[in-house]
Student: 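Here's a structure for you.
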Amino acid sequence: MNWIVDTPEKKVVVMTGSGISAESGIQTFRGANGLWENHRIEDVASPIAFRRDPVMVWNFYLQRRKQALGCQPNAGHLAVSALEKWVTEGGGEFLLATQNVDGLHTRAGSRNVIEMHGSLLISRCTACGEVFQDESVDWELPPHHDCPQKGLLRPHIVWFGESLFPGDMENIESAIRDCDIFIVIGTSGTVYPAAGLAHYANRLGKRTACVNKDAPANVDLFDTFIQGEAGTELPRRLFPEKRAKGNAP
Ligand code: OAD
């Protein structure tokens, strides 16, 4: 058996997409039954849509927030969290960059996580800029912040046409420059700048691996491609120690 990470004293960067949460019951974005199949992205996930109709956009995100809170991390999330524990306790370094906004990696016990596209469980005031954990699902819409300006709240999500949060890309690229292996899981490789990270790692001559149900758009960039479901493949291919509980309490 060839493990993706064979010894723990490695510097590992993992990037995940919605495919890793599919087995928890969260819809992916593209393909049959994908979330974007029933919505025009520009109607629900853009600053223009929010300016035009904040109630509609909030309804969309509250529904997704409810769904995420009702789902549990699966064996794929737990394997990633267990890998972090194994590597960091074994003298290596670990960073998880996720495009997912569902919070399931953190609930599975992952610690060093960059949520590149934000989080369904965080809101942000459009007036004072405060960012806070927010699991409320019964806001009177559209919600307003309890600040002097009573600013309109928005989901702390990176919408189409917006940049990633300051520093995130730099931190991920810096970890990739320094890493021994870059592992990509459950993403179609079509949304930039996230998809560009595989090109970046490849150009730097890093070892690259991908675990995905279907071949992603950028499959040629990976030294190893394991086709299958994350919840099945990760526990048996990611690293040689079966500690399914990972960092979970
Ligand atoms: P996509 O829907 O584009 O791709 C999901 C990928 O996961 C596909 O390649 C599937 O083959 C794969 N997949 C499905 N089930 C899987 C499983 N059980 N195990 C492993 N792989 C599986 O979703 P993302 O690539 O995450 O951005 O999409 C990237 C971004 O586009 C999202 O973060 C979101 C979206 O628009 C924003 O909202 C900003």
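Throughout, residue positions are numbered sequentially from 1 according to the sequence presented. Order of appearance sets the numbers: ligands from 1, and atoms from 1 within every ligand.
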Student: Under 4.0 Å from a heavy atom of Phe160: which atoms of ligand 1 are those, numbered in the order shown and with their elements?
Tutor: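 Counting from 1, the qualifying ligand atoms are 36 (O).
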Student: Look at atom 9 (O) of ligand 1 and say which protein heavy atom is nearest, naming residue and atom and giving the distance to 0.1 Å.
Tutor: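 It is Asn212 ND2, 2.8 Å.
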Student: How far is atom 39 (C) of ligand 1 from its nearest protein heavy atom, and which residue and atom is that?
Tutor: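 Looking only at protein heavy atoms, the one closest to atom 39 (C) of ligand 1 is Val158 O, 3.1 Å.
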Student: Between Asp180 and Lys10, does any NZ, NE, NH1 or NH2 come within less than 4.0 Å of an OD or OE carboxylate oxygen?
Tutor: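 Salt bridge absent between Lys10 and Asp180.
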Student: At what distance is the nearest protein heavy atom to atom 38 (O) of ligand 1, and which residue and atom is it?
Tutor: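 Checked against all protein heavy atoms, atom 38 (O) of ligand 1 sits closest to Trp36 CZ2, 4.0 Å.
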Student: State the atoms of ligand 1, each with its element, that fall below the 4.0 Å cut-off from a heavy-atom position in Gly17.
Tutor: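 Within the 4.0 Å cut-off of Gly17, ligand 1 contributes 26 (O).
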Student: Which option, Tyr192, Trp159, Phe29, owns the non-hydrogen atom nearest atom 35 (C) of ligand 1?
Tutor: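 Minimum heavy-atom distance to atom 35 (C) of ligand 1 goes to Phe29.
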Student: Mark up the atoms of ligand 1 that fall under 4.0 Å of a heavy atom belonging to Gly186, in ascending order.
Tutor: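 Here the atoms of ligand 1 in question are 5 (C), 6 (C), 7 (O), 21 (N).
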Student: Could you check atom 19 (N) of ligand 1 against the protein and tell me its nearest heavy-atom contact, residue, atom and distance included?
Tutor: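 Its nearest protein heavy-atom neighbour is Ala230 N, 2.8 Å.
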Student: First locate atom CH2 of Trp159, then atom OH of Tyr61, and finally report the distance between them rounded to the nearest 0.5 Å.
Tutor: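 Going from the CH2 atom of Trp159 to the OH atom of Tyr61 covers 6.5 Å.
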Student: Suppose we measure from atom 11 (O) of ligand 1 to each protein heavy atom; which comes out shortest, and what is that distance?
Tutor: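 Atom 11 (O) of ligand 1 sits closest to the protein heavy atom Asp214 OD2, 2.5 Å.
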Student: Assess Arg65 against Trp58: is NZ or CZ under 6.0 Å from the centre of the six-membered ring, and within 45 degrees of the ring's axis?
Tutor: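 Cation-pi check for Arg65 and Trp58: fails.
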Student: Can you check which of Glu23, Arg30, Lys213 brings a heavy atom nearest to atom 22 (C) of ligand 1?
Tutor: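 It is Lys213 whose heavy atom sits nearest to atom 22 (C) of ligand 1.
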Student: To check your reading of the model: name the closest protein heavy atom to atom 37 (C) of ligand 1, its residue, and the distance in Å.
Tutor: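 It is His117 ND1, 3.9 Å.
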Student: Mark the output for Gly228 as yes if a heavy-atom distance to ligand 1 is under 4.0 Å, and as no if none is.
Tutor: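 Gly228 counts as a contact of ligand 1 under the 4.0 Å cut-off.
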Student: Show me which atoms of ligand 1 lie under 4.0 Å from any heavy atom of Ala22.
Tutor: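 Atoms satisfying the 4.0 Å criterion: 15 (N).
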Student: Consider every N or O of Ser18 and every N or O of ligand 1, then say whether any pair is closer than 3.5 Å.
Tutor: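 Yes; the residue has a nitrogen or oxygen that sits under 3.5 Å from a nitrogen or oxygen of the ligand.
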Student: If we set the cut-off at 4.0 Å for heavy atoms, which region of Val101 has an atom near ligand 1: side chain, backbone, both, or neither?
Tutor: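 For Val101, there is no contact with ligand 1 at all, from either part.
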Student: We want to know whether Ser18 and Asn100 form a side-chain donor-acceptor pair, criterion being a heavy-atom distance below 3.5 angstrom.
Tutor: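 Per modelled atom types, Ser18 and Asn100 side chains form no pair under 3.5 Å.
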Student: Kindly state whether the ring of Phe239 and the ring of Trp3 have centres lying under 6.0 angstrom apart.
Tutor: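 Ring-ring flag for Phe239/Trp3: false, centres at least 6.0 Å apart.
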Student: Rounded to the nearest 0.5 Å, what's the gap from NE2 on His105 to OG1 on Thr16? Could you check?
Tutor: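 If I round to the nearest 0.5 Å, the distance is 3.0 Å.
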Student: Among all protein heavy atoms, pick the one closest to atom 3 (O) of ligand 1 and tell me residue, atom and distance.
Tutor: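 Scanning the protein heavy atoms, the shortest distance from atom 3 (O) of ligand 1 goes to Ser188 OG, 2.5 Å.
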Student: In a check of side chain to side chain contact (heavy atoms under 4.5 Å, CB included) between Val14 and each of Val184, Ile20, Leu96, Thr98, which one passes?
Tutor: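 One option only clears the test, and that one is Leu96.
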Student: Hey, is Glu170 close enough to Arg177 for a salt bridge, meaning N to O under 4.0 Å?
Tutor: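 Salt bridge absent between Glu170 and Arg177.
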Student: Nearest protein heavy atom to atom 30 (C) of ligand 1, by residue and atom, and its distance?
Tutor: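 Of every protein heavy atom, Val191 CG2, 3.7 Å lies nearest to atom 30 (C) of ligand 1.
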Student: What heavy-atom pair brings Gly17 and Gln99 nearest, and what distance separates the two atoms?
Tutor: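 Smallest heavy-atom distance, with atoms named: CA-NE2, 3.9 Å.
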Student: So, Asn74 and Ser24: side-chain donor and acceptor under 3.5 Å apart, yes or no?
Tutor: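 Yes, a side-chain donor-acceptor pair sits under 3.5 Å.
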Student: Please step through salt bridge (Lys or Arg N to Asp or Glu O under 4.0 Å) for the pair Arg52 and Asp43, ending with a clear verdict.
Tutor: CA-CA 9 Å; Arg52 195 169 49 215; Asp43 287 344; 3.6 Å; yes
